[in-house]
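Okay, so here's the structure we're looking at.
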Amino acid sequence: MPSSLTSQEITNLTAQYTYGTWRFQKGWKPLHVVDAEGCYFVDGSGKRYLDFSSQLMCVNLGHKNPAVIEAIEDQARQLPFIGPGYATDVRAELSRLLLEVLPKGLEKFFFTTSGTEANEAAFKIARMVTGKTKIIARYRSYHGSTMGSIAATGDPRRWAMEPAGKIPGVIFAPEVNCYKCPLNHHYPECGIACVEYIEHMIENESDVAAVLVEPVVGTNGVLVPPKEYFPRLRQICDAHRVLLIADEVMSGWGRTGRWFAMDNWDVTPDILTTAKGITSAYVPLGLCATNKAIASYFDDHYFSHGHTYEAHPITLAPAIATINEMKRLKLVDRAATLGPYLERKLIDLKFHHRSIGEVRGLGLFWAVELVKNQTTKEPFNTYADKVSGAPLLVDKVAAEMMKNGVFLQAWVSHFIIAPPLIITKEEIDAGIQALDAALKIADEAVPQ
Ligand SMILES: Cc1ncc(COP(=O)(O)O)c(C=O)c1O
């Protein structure tokens with residue numbers, strides 16, 4: 001419903017009365033957005049922006065897909081709500097479709113209304129089934145904002161909750177990061193020491209219930225593991241009877257050129273969590289999918305978990321439409337095909353900019369990492385800068401791009417390029433051109 005207020009008034013009221021997430025509140029001037037369609041959104045003055053990160057890496061189908069909107073409308077008219085204890089058409093139909101697209105073997109589903117809650121469900125399920133407590137997560141990771149999921153988050157969004165934030169039972173392993181290895185090793189001579197170290201942790205801890213990973217780390221830098229990593233992690237988990245939880249909240253739904261990132265290595269986790277792209281983010285929905293062994297445990301044990309909004313019909317209907325639209329438009333193949341095109345453009349960009357340390361990714365999921373020095377790989381900003389409110393170079397570059405009509409998500413010292421999967425080559429070219437121009441700011445900041 002259009003407002004009678006001016007854009008300035010709407011921005012001011014939003015900032016005065018509502019919290020801006022993950023930021024200092026002073027100085028927050030949220031852009032007033034009035035419309036969005038395809039790969040673009042529009043502000044209150046009518047200016048259009050190319051959405052080069054699908055907002056929070058979630059609008060995979062692009063904005064305002066008519067089939068998804070129609071599914072929401074139809075469901076609202078048909079059955080807007082019924083409690084989670086009932087069977088519904090949409091719950092049955094979505095389950096059938098999930099069996100088709102998820103890694104084989106994931107056969108029982110718990111629906112939530114966010115990625116955070118999907119991970120909370122996964123932790124509780126892992127602990128109930130194994131009778132064990134500890135979750136091994138990794139430092140460069142984000143798993144959600146509530147007490148359990150933030151405790152399992154390796155990145156600085158956890159720090160404000162310390163010391164109580166690290167609930168008993170979460171321990172951190174080194175991440176897989178072949179550009180800046182936390183163990184100071186080099187692939188492939190390293191023998192994937194970062195995954196072997198997880199086995200060392202399991203052997204030297206007791207009571208490990210699960211290992212939790214983002215198959216391709218998202219916000220923390222689109223870290224793609226080498227091909228041996230997940231087959232070996234699967235072996236380690238099996239050998240020690242530890243569950244493998246894949247957090248595909250961001251990496252799922254075609255983003256990497258496969259339905260789910262784990263498909264790139266043909267490894268099936270015991271539990272897969274996801275959200276975001278499941279409805280192209282039009283409606284809040286999360287999913288915790290478990291294998292048959294876990295499912296059958298609860299045949300004779302109390303499933304001690306639930307929400308009022310679990311399997312909410314209005315959240316499930318658009319997920320059905322999203323999967324059908326992804327199939328109709330062949331978006332998974334499209335991400336796989338456009339990936340090498342985007343990669344070539346980014347490699348070319350790196351060649352021309354001394355502020356770029358590395359470009360890396362898969363499908364339509366890429367990071368551009370900025371450095372002060374390409375040899376030492378010293379970043380312009382650190383996690384500590386982020387939480388202390390220091391000005392970040394990536395924010396300056398992103399602001400320049402916004403001026404030029406392109407939205408790009410920035411985090412600490414890198415950008416995340418993750419456009420809607422419907423993007424065209426011409427639109428990719430336009431986004432890259434804007435980044436190319438804005439990177440002048442970063443190049444000038446490189447010490448001589
Ligand atoms: C990998 C990952 N896990 C979990 C979450 C939390 O999801 P939500 O914001 O829907 O609670 C996010 C959000 O960005 C994420 O990227």
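Quick caveat: nothing in here was measured; it's all calculated off a predicted structure. Order of appearance sets the numbers: ligands from 1, and atoms from 1 within every ligand. Numbering of residues begins at 1 and proceeds along the displayed sequence.
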message: Heavy-atom pairs closer than 4.0 Å: do any link ligand 1 to the side chain of Thr273, the backbone, both, or neither?
response: neither
query: For atom 5 (C) of ligand 1, which candidate among Val249, Thr112, Ile278 provides the closest heavy atom?
result: Val249
- prompt: So, do Phe415 and Trp366 have ring centers that fall under 6.0 Å from each other?
  reply: no
Aromatic Tyr142 / basic Arg157 pairing, under 6.0 angstrom, 45° off normal: yes
- line: Checking heavy-atom distances from atom 11 (O) of ligand 1 to each of Thr21, Thr274, Thr116, the winner is Thr116
message: Please list the nearest protein heavy atom to atom 8 (P) of ligand 1 with its residue and the distance rounded to 0.1 Å.
response: Gly115 N, 3.5 Å
- prompt: Any idea how Trp253 and Phe260 line up, ring-wise: parallel (<30°), tilted (30 to 60°), or perpendicular (>60°)?
  reply: perpendicular
query: What do we get for Lys276 next to ligand 1 when only non-hydrogen atoms under 4.0 Å count, side chain, backbone, both or neither?
result: side chain
query: Where does Glu214 meet ligand 1, judged by heavy-atom distances below 4.0 Å: at the side chain, the backbone, both, or neither?
result: side chain
NZ/NE/NH1/NH2 to OD/OE distance under 4.0 Å, Glu196 and Arg232: yes
- prompt: Can a non-hydrogen atom of Asn119 be found less than 4.0 Å from any atom of ligand 1?
  reply: yes
query: What do you reckon, are the aromatic ring centroids of Tyr49 and Phe41 less than 6.0 Å apart?
result: yes
